[in-house]
Amino acid sequence: MTEQSLTAVDTDDRETLADRIYRDIKSAILEGRIAADEPLSENQLAADAGASRTPLRVALSRLEQEGVIKRLANGTLTVSAVTVEQLLHIVQLRRLLEGAVAARAAERTRHIGALHPALAAIRPVMQAYADGADTAFDEFWRQDDAFHSAVAEAAGLTLWPVMLVELRETARRCTITRTHDRFTDQAREHLAVIAAVEAGDAGGAKTAMEAHFASVRARFLDWLARP
């Protein structure tokens with residue numbers, strides 16, 4: 001193998017390792033294992049990853065560009081906090097956009113004559129939660145991801161799912177999102193959206209999705225009002 005080939009292999013390995021470190025750190029932040037405003041030690045992160053500082057810094061640079069972490073004036077890296085105000089802005093934005101997405105999904109369903117497979121697949125999962133099935137926050141969040149992604153798929157959109165991922169990841173970093181441990185109401189709201197989409201009722205789907213986000217907002221405000 002030539003020296004040039006060895007360099008290429010080393011570069012590929014380094015990029016792959018940087019991607020893994022990026023995913024691991026981001027997951028720890030999204031799952032609350034690394035708290036907002038918590039200082040990040042590069043030495044500790046490198047030790048945890050079993051890697052050198054080079055791929056770690058590539059991963060950290062990517063997270064910094066995404067706004068997930070920030071560097072203070074003294075050079076310390078911390079997790080960027082997401083305020084309640086920012087969270088409520090995201091909820092309002094998603095209410096407007098996803099209401100339109102749900103309406104489009106219903107229109108496409110009426111035209112095609114069948115519910116999109118992704119929505120059909122998530123419906124029994126949501127029904128189980130609506131019937132009182134218990135689960136951990138992170139597992140429900142994964143299924144919540146699947147529901148909203150399925151609505152976008154049913155609408156035949158391509159750019160919106162990418163934007164949705166960014167909005168959901170930002171919202172997930174706000175600490176009050178993790179205060180809920182029962183998801184019956186959310187699941188019932190999801191089922192109402194699916195029913196309207198399946199019926200080809202664009203107006204009903206839009207209304208159901210907007211009502212869902214109004215309820216999400218009300219649940220957050222209720223938590224904030226607690227003594």
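Along the sequence shown, the residues carry numbers beginning at 1.
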### Query
Can you check side chain to side chain contact (heavy atoms under 4.5 Å, CB included) on Tyr129 and Gln186, steps first, answer last?
CA-CA 9 Å; Tyr129 291 134; Gln186 286 173 261; over 6 Å; no
### Task
Using the side chain to side chain donor-acceptor pair (under 3.5 Å) rule, take Ser41 and Asn43 through it: C-alpha gap first, then chi angles, then the decisive distance, then the call.
CA-CA 5 Å; Ser41 164; Asn43 287 335; 5.1 Å; no
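When the salt bridge (Lys or Arg N to Asp or Glu O under 4.0 Å) test is applied to Asp201, no partner is found at least two apart in sequence or on another chain. Considering only residues two or more places apart in sequence or on other chains, Arg57 meets the salt bridge (Lys or Arg N to Asp or Glu O under 4.0 Å) condition with Glu42. For the side-chain contact (heavy atoms from CB on, under 4.5 Å) test, residues two or more places apart in sequence or in another chain that qualify with Glu64 are Ile69, Arg71, Leu77. Listed by chain and residue number, nothing satisfies the side-chain hydrogen bond (donor to acceptor under 3.5 Å, both in side chains) test with Thr184 (two or more places apart in sequence, or in another chain). With sequence neighbours excluded, the residues forming a salt bridge (Lys or Arg N to Asp or Glu O under 4.0 Å) with Lys26 are Glu66, Glu169, listed by chain and number. The side-chain hydrogen bond (donor to acceptor under 3.5 Å, both in side chains) search around Gln127 returns Asp131, not counting sequence neighbours. Taking the salt bridge (Lys or Arg N to Asp or Glu O under 4.0 Å) definition, one finds that Glu189 meets it with Arg219, sequence neighbours left out. Under the rule for a side-chain hydrogen bond (donor to acceptor under 3.5 Å, both in side chains), Thr158 has no partner lying at least two apart in sequence or in another chain. Under the side-chain hydrogen bond (donor to acceptor under 3.5 Å, both in side chains) criterion, Asp48 pairs with Gln44, sequence neighbours left out.
At most 12 heavy atoms of other shown residues, nucleotides or ligands fall within 6.0 angstrom of atom CG in Leu159.
Between Arg172 and Asp138, at least one side-chain N (NZ, or NE/NH1/NH2) sits under 4.0 Å from a carboxylate O, which counts as a salt bridge.
Note that Arg168 lies in the cation-pi zone of Trp141, set by a 6.0 Å cut-off to the ring centre and a 45° limit from the axis.
Clustering ILVMFWY residues whenever any of their side-chain heavy atoms sit less than 4.5 angstrom apart, transitively, puts Phe220 in the very cluster that holds Val84. In the hydrophobic cluster analysis, where Ile, Leu, Val, Met, Phe, Trp and Tyr join through side-chain heavy atoms closer than 4.5 angstrom, Phe213 is grouped together with Leu221. Residues Ile112 and Leu157 do not share a hydrophobic cluster, defined by chaining ILVMFWY side chains whose heavy atoms lie under 4.5 Å apart.
Side-chain atoms of Arg62 and Asp19, non-hydrogen and from C-beta on, do get closer than 4.5 Å to each other. Glu166 has its side chain out of reach of Met163: every pair of non-hydrogen atoms, C-beta onward, lies at least 4.5 Å apart. You'll find the side chain of Ile29 reaches within 4.5 Å of the side chain of Arg173, heavy atoms only.
Among all heavy-atom pairs drawn from Ala18 and Val58, the shortest one is CB-CG1, 3.7 Å. Residues Arg104 and Gly156 approach most closely at NH2-O, 4.3 Å, considering heavy atoms. Closest non-hydrogen pair, Ala51 versus Pro55, comes out as CB-CG, 4.1 Å. Closest approach of Ala102 to Val193, counting heavy atoms only: CB-CG1, 4.4 Å. Residues Ala152 and Pro161 approach most closely at CB-CG, 3.9 Å, considering heavy atoms. Nearest heavy-atom pair across Ile21 and Ala49 is CG1-CB, 3.9 Å.
Taking OH of Tyr22 as the start and OG of Ser61 as the end, the distance is 11.5 Å to the nearest 0.5 Å. With rounding to the nearest 0.5 Å, the separation of OG1 in Thr78 from CG in Leu72 is 4.5 Å. Rounded to the nearest 0.5 Å, atoms CE (Met126) and CZ (Phe183) are 10.0 Å apart. Taking NE2 of His190 as the reference point, atom CG of Asp185 lies at 11.0 Å (rounded to 0.5 Å). We find the CD1-CD1 distance between Ile122 and Ile194 to be 7.0 Å, quoted to the nearest 0.5 Å. Taken from CD1 in Ile34 to CD1 in Ile25, the straight-line distance is 6.5 Å, to the nearest 0.5 Å.
Within the structure, side-chain hydrogen bond (donor to acceptor under 3.5 Å, both in side chains) pairs that include any residue of residues 106-118 do not occur (at least two apart or interchain). The salt bridge (charged side-chain N to carboxylate O under 4.0 Å, His left out) analysis of residues 148-162, with sequence neighbours excluded, yields no pairs.
In this structure, the side chain of Ser149 engages the main chain of Asp145 through a donor-acceptor pair within 3.5 Å.
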Determine all donor-acceptor pairs shorter than 3.5 Å in which one atom belongs to a side chain in residues 87-99; sequence neighbours excluded.
| from | atom 1 | to | atom 2 | distance (Å) |
| --- | --- | --- | --- | --- |
| Gln92 | OE1 | Arg95 | NE | 3.2 |
| Arg94 | NE | Glu98 | OE2 | 2.6 |
| Arg94 | NH2 | Glu98 | OE2 | 2.7 |
| Glu98 | OE1 | His148 | ND1 | 2.8 |

